Amino acid sequence: MANRRYSDRQRSSNTYSDDFYIGMSYEYGQLSSDRRRRERARKLAAKRRRTKNRIKLIALGVVTLVIVISLVVGICSGIKSCVSDDSGFKTAKVSADASKKAKSNVAGKANSEEALQFVKVQIEDNNKKGMFSSQNGAVYLWNKSAYEIFGASADRSDMYAEVINKATKHLGDDIKVYAAMIPLHAEMNLPERLKAEAGCSSQADNIYNAYSKFDKAQPINIYNVLAEHNKEYLYFNSDHHWTGLGAYYAYTAFCEQTNQKPMTISEEGTHSVEGFTGSFHTYGTGLKDTVNYYDLPYDTSCTLYSDPASDGQPADVYYANPEAGENTYGVFINGDQPKFIIDSACESGKKIAVIKESFGNAFVPYLSANYSEVHVLDMRYCGITNLKKYCEDNEIKEVMFINNIMSANSAERIEDIEKIIGR
């Protein structure tokens with residue numbers, strides 16, 4: 001059946017008179033008026049109830065606010081009494097330097113802010129061209145000097161940070177650990193335009209990356225002092241090592257950052273060996289050097305261990321008869337010996353173990369001014385497999401790792417350090 005429209009529906013046949021509509025209108029109109037009166041009364045009552053509820057809420061809020069204010073005033077009064085002069089407890093006023101020092105001494109995090117600040121090196125540029133050596137593509141020649149090119153990323157120094165953290169954990173809280181990364185010649189003396197041409201990576205960034213990840217070891221920033229003195233004879237022209245003067249400045253930075261007084265050097269106490277031809281001397285023409293070493297303030301007696309299993313033999317802190325040639329750098333502690341112990345008459349009573357490769361040779365003699373015993377351990381040859389036991393057996397309370405940046409980024413050298421640390 002089809003749907004019908006409203007207009008199609010059957011209309012009702014009922015009809016109503018006018019009286020009917022009038023009556024209905026009266027009846028429903030009257031009901032409507034009563035209903036409106038009742039509705040008005042209901043709304044009025046509801047409005048009164050709402051007004052009363054609002055008054056109650058406002059009163060409750062005022063009471064709560066008064067209570068909160070009272071509590072705050074009481075707490076502030078208590079704090080004021082705690083920090084008043086009468087109580088003996090005062091708020092600390094820390095200077096910027098003291099605050100910086102405090103941050104560097106936080107337990108479990110020995111990274112001082114100073115060690116993580118690297119200055120920009122000011123390098124003189126004569127605008128001459130440089131070139132790679134035809135014999136070694138990792139050596140760059142400029143201004144009568146050879147530069148070893150460093151190309152590792154900052155992330156690669158993560159492994160150095162990891163092994164230093166492993167050492168601090170192994171040695172425990174009773175042994176203080178220092179670590180110093182040595183920048184190379186190119187960082188300090190090769191102009192920026194030539195660094196870019198040679199593909200040098202930033203050594204400052206690499207060192208920062210490692211230092212910033214030390215857990216407890218104290219990083220020693222020697223970068224800045226070398227940058228400050230970079231116009232002096234800090235690195236050899238014909239060799240990859242630093243000079244005795246470069247090592248001395250690094251020593252002064254170590255003393256400053258460990259609150260020790262450094263020894264001094266003088267022109268009168270300088271000894272020189274002319275004609276050093278280092279590891280790069282065949283890579284360019286006219287590359288030659290002078291090896292300088294300096295008098296020490298205290299008498300020393302040394303023991304040289306040419307083999308880890310040997311009993312040792314007496315030696316001088318500087319090789320007694322240095323000669324010109326390729327091995328002149330060996331004047332420092334007689335070259336790369338597995339173990340070399342320096343006994344000093346300084347009478348400090350302190351002992352330190354230095355874990356190093358060849359760069360450390362020029363550095364360790366200066367420590368005889370501050371330590372009664374300096375145990376120099378070459379990480380490549382010393383044969384030690386438990387550094388903590390070695391320190392305990394020799395009553396050593398300080399350990400220093402000093403490595404040039406190439407070694408610090410070398411997986412082979414990291415493995416050497418891990419062997420010394422042991423388990």
Side-chain angles (χ1 to χ4, degrees), residues 118-154 156-157 181-208 221-250 253 272-292 324-329 332 357-359 361-363 403-410:
F118 294 84
V119 300
K120 182 175 177 59
V121 188
Q122 302 298 323
I123 300 175
E124 293 183 350
D125 187 356
N126 59 14
N127 295 316
K128 292 183 178 180
K129 293 183 178 180
M131 64 179 182
F132 281 102
S133 166
S134 60
Q135 299 181 49
N136 188 332
V139 175
Y140 195 82
L141 304 174
W142 177 73
N143 202 27
K144 297 182 180 180
S145 187
Y147 299 86
E148 188 172 15
I149 300 304
F150 176 77
S153 66
R156 188 166 176 79
S157 62
M181 292 173 68
I182 305 168
L184 301 180
H185 194 186
E187 182 79 358
M188 294 297 160
N189 292 102
L190 197 62
E192 291 300 323
R193 64 182 179 87
L194 298 179
K195 286 178 183 176
E197 179 180 299
C200 294
S201 298
S202 169
Q203 296 180 34
D205 289 348
N206 189 276
I207 296 170
Y208 175 88
N221 185 331
I222 63 179
Y223 185 100
N224 291 350
V225 70
L226 295 176
E228 179 184 351
H229 294 275
N230 73 324
K231 293 181 178 60
E232 300 176 43
Y233 188 38
L234 305 185
Y235 294 89
F236 295 116
N237 299 312
S238 69
D239 192 72
H240 61 287
H241 292 105
W242 55 3
T243 65
L245 182 62
Y248 171 75
Y249 283 129
S272 301
V273 183
E274 303 289 345
F276 173 43
T277 53
S279 55
F280 297 154
H281 83 280
T282 61
Y283 297 161
T285 58
L287 301 182
K288 58 183 179 180
D289 288 286
T290 301
V291 175
N292 297 317
E326 295 181 2
N327 298 318
T328 313
Y329 183 74
F332 301 106
E357 22 74 10
S358 56
F359 269 72
N361 299 355
F363 176 87
N403 305 107
N404 78 81
I405 197 168
M406 285 289 193
S407 293
N409 283 265
S410 165

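Predicted model, so just to flag it, every value in this text is computed and none were measured.
In plain terms, the two heavy atoms of Ala227 and Val119 that are nearest each other are CB-CG2, 3.6 Å. For Gly278 against His281, the heavy-atom pair with the smallest separation is O-ND1, 2.8 Å. The two atoms that bring Val273 and Ala324 nearest to each other are CG1-N, 4.0 Å, heavy atoms only. The two residues Ala152 and Asn206 come nearest to each other via the heavy atoms O-ND2, 4.1 Å. Heavy-atom minimum distance, Ala247 versus Ala362: CB-O, 3.5 Å. Heavy-atom minimum distance, Asn221 versus Ala253: O-CB, 3.8 Å.
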- Message: Quick one, Tyr140 with Glu197, criterion side chain to side chain donor-acceptor pair (under 3.5 Å). Give me CA distance, side-chain angles, the key distance, then yes/no.
- Response: CA-CA 10 Å; Tyr140 195 82; Glu197 179 180 299; 2.5 Å; yes
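Below 30°, between 30° and 60°, or above 60°: for Phe276 and Tyr329 the angle between ring planes is below 30°, a parallel geometry.
Taking the six-membered ring where the residue is Trp, the centroids of His241 and Phe236 are separated by 6.0 Å or more.
Expressed to the nearest 0.5 Å, how far SG of Cys200 lies from CD of Glu148 amounts to 10.5 Å. Between the CG atom of Asp289 and the OG1 atom of Thr243 there is a distance of 9.0 Å, given to the nearest 0.5 Å. For the atom pair Leu194 CG and Tyr147 OH, the distance stands at 9.0 Å (nearest 0.5 Å). Taking NE2 of His185 as the reference point, atom CG of Leu226 lies at 11.0 Å (rounded to 0.5 Å). In this structure, Arg193 CZ and Ile123 CD1 are separated by 11.0 Å, a value rounded to the nearest 0.5 Å. The distance from atom CE of Met188 to atom CG of Leu190, rounded to the nearest 0.5 Å, is 12.5 Å.
Side chain of Glu187 to backbone of Gln203: a donor-acceptor contact under 3.5 angstrom is found. For the pair Tyr223 (side chain) and Ile207 (backbone), a donor-acceptor distance under 3.5 Å is absent.
Remark: Ser407 engages Glu357, Met379, Asn403, Asn404, Arg413 in a side chain to side chain contact (heavy atoms under 4.5 Å, CB included) (not counting sequence neighbours).
Put simply, the side chain of Val291 reaches to within 4.5 Å of the side chain of Phe332, judged on heavy atoms. No side-chain heavy atom of Ser157 sits under 4.5 Å from any side-chain heavy atom of Asp205. Here the side chains of Ile182 and Phe363 are not in contact, with every heavy-atom distance at 4.5 Å or above. Side-chain contact between His229 and Leu245: absent, with no pair of heavy atoms (C-beta onward) separated by less than 4.5 Å.
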Throw together a table of side-chain donor-acceptor distances under 3.5 angstrom for residues 127-135, partners on residues two or more places apart or in other chains.
from, atom 1, to, atom 2, distance (Å)
Ser133, OG, Gln135, N, 3.1
Ser133, OG, Asn136, N, 3.4
Gln135, NE2, Thr282, O, 2.5

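Residue Tyr249 qualifies as enclosed at atom OH: its count of foreign heavy atoms under 6.0 Å is above 12.
Between Asn143 and the options Asn189, Asn237, Asn126, a side chain to side chain donor-acceptor pair (under 3.5 Å) holds for only Asn126.
Among residue pairs with one or both ends in residues 222-248, none qualify as salt bridge (Lys or Arg N to Asp or Glu O under 4.0 Å); sequence neighbours excluded.
Judged purely by distance below 3.5 Å, without hydrogens or angles, the side chains of Glu326 and Thr277 never pair a donor atom with an acceptor atom. Side-chain polar atoms of Asn292 and Ser272 form a donor-acceptor pair below 3.5 angstrom.
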